[in-house]
Visitor: 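Before anything else, here's the structure in question.
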Amino acid sequence: MPQRNEEDLALSRRAARGDHVAFALLVEKYEAPLRSFLARMGAGDLADDIAQEAFIKAWRAAGQYDGRARYSTWLTRIAWRCRLDQLRRQRPVENDEPAGQGGIEDEVQDMLARLGDGERAALVLCEGHGWTHSEAAELLSLPLGTLKSTVARAKSKCREMWSQQ
Amino acid sequence: MNDFDQFLRDTLGPQDRHPDRLFVARVQAQVRLDERLSARRRAIGLRLLRDSLGVAAIAAGLVVLAESPAVSELAAGSPEIFVAGLLAAFGSVVLLFSNPGRSSPFAAD
């Protein structure tokens, strides 16, 4: 088991025994990538709420983290399910894309908004967050080959949009 | 790595920044609230179980009493005394389970 996983496993086990300080350390470590991922998923203003819900679920299930996967992978899986639940609750006509601030950030959000949820998640995790294809395939419940083609397709679409700008 | 790959990495990856203490504090507060609510849910469940057992025990006692010959004779001979006894027993049960002195799981901490 990698050292980082061991550290996180130890913290998670302490959290499972009710140690708030240990859990706060995990939140400090992983709030930035998780919130960034959710924001890129188009969650907009709800990104922080979904991240918070994911951390609460991670606290309740702290004893279930076994250190085989990275803690960030385990946590993102929880957050991804929260995001899917939120999308199911949301009315289809509702647009949750945030109002743009202008500039490159707007362009990126616009580019991502044109991708499907799965494509967006695969692209952000593999190209932006440095996840392996296997980790992303597991998160998205896709066969490895399908995940690779999803990333390639998403990348190709983005490249086309990028070259037009 | 070409320009496009670099662009993706720069724009899609998480920003390198210090932890957001306010967010961490909010999660901590939610965790504590969640713990308190879980404890209350457990307390309510235990109290419901205890009260149900109590009611079942009283009901079983009443059934046994009603089946005894002495009580059957009393019910046949003096129904008004029998009904008054039943009402008194019912009143005692109501008083027992609605005693304001019992701790309420909804009480503020």
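A note on names: the letters A, B, ... follow the listed sequences, proteins ahead of strands, and every chain is numbered from 1.
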Visitor: Can you confirm whether D48(A) sits close enough to R26(B) that some side-chain heavy atom of one is under 4.5 Å from a side-chain heavy atom of the other?
Guide: yes
Visitor: In this structure, would L84(A) and L142(A) fall into the same cluster of hydrophobic residues linked by side-chain contacts under 4.5 Å?
Guide: yes
Visitor: If I compare all heavy atoms of G128(A) with all of P14(B), which pair ends up nearest, and what's the gap?
Guide: O-CD, 3.9 Å
Visitor: With a 4.5 Å cut-off on side-chain heavy atoms, are F23(B) and R35(A) touching?
Guide: yes
Visitor: Is there a side-chain contact between Q15(B) and S36(A) (heavy atoms, below 4.5 Å)?
Guide: no
Visitor: Any salt bridge linking R21(B) with E31(A)? Criterion: basic side-chain nitrogen under 4.0 Å from a carboxylate oxygen.
Guide: no
Visitor: Could you look at L123(A) and say if it's the side chain, the backbone, both or neither that has a heavy atom under 4.5 Å from chain B?
Guide: both
Visitor: Working to the nearest 0.5 angstrom, can you tell me the gap between E107(A) CD and F7(B) CZ?
Guide: 7.0 Å
Visitor: Check whether any side-chain heavy atom of F4(B) sits under 4.5 Å from a side-chain heavy atom of S163(A), and report yes or no.
Guide: no
Visitor: Mind checking whether F55(A) and V31(B) have side chains closer than 4.5 Å, heavy atoms only?
Guide: no
Visitor: For the CG atom of L12(B) and the SG atom of C126(A), what is their distance to the nearest 0.5 Å?
Guide: 11.0 Å
Visitor: So, for R40(A) and T11(B), which heavy atoms are closest and what is the spacing to 0.1 Å?
Guide: NH2-O, 2.6 Å
Visitor: If two hydrophobic side chains count as joined below 4.5 Å and joins carry through other members, does V71(B) share a cluster with I58(B)?
Guide: no
Visitor: Is Q28(B) reaching over with its side chain to a backbone N or O of H20(A), donor-acceptor style, under 3.5 angstrom?
Guide: yes
Visitor: Of the backbone (N, CA, C, O) and the side chain (C-beta and beyond), which part of D20(B) lies under 4.5 Å from a heavy atom of chain A, both, or neither?
Guide: both
Visitor: Please confirm whether the backbone N or O of G130(A) pairs with a side-chain atom of R9(B), one donor and one acceptor, at under 3.5 Å?
Guide: no
Visitor: So which residue, R159(A), R60(A), E127(A), K155(A), ends up with the most heavy-atom pairs under 4.5 Å with chain B?
Guide: R159(A)
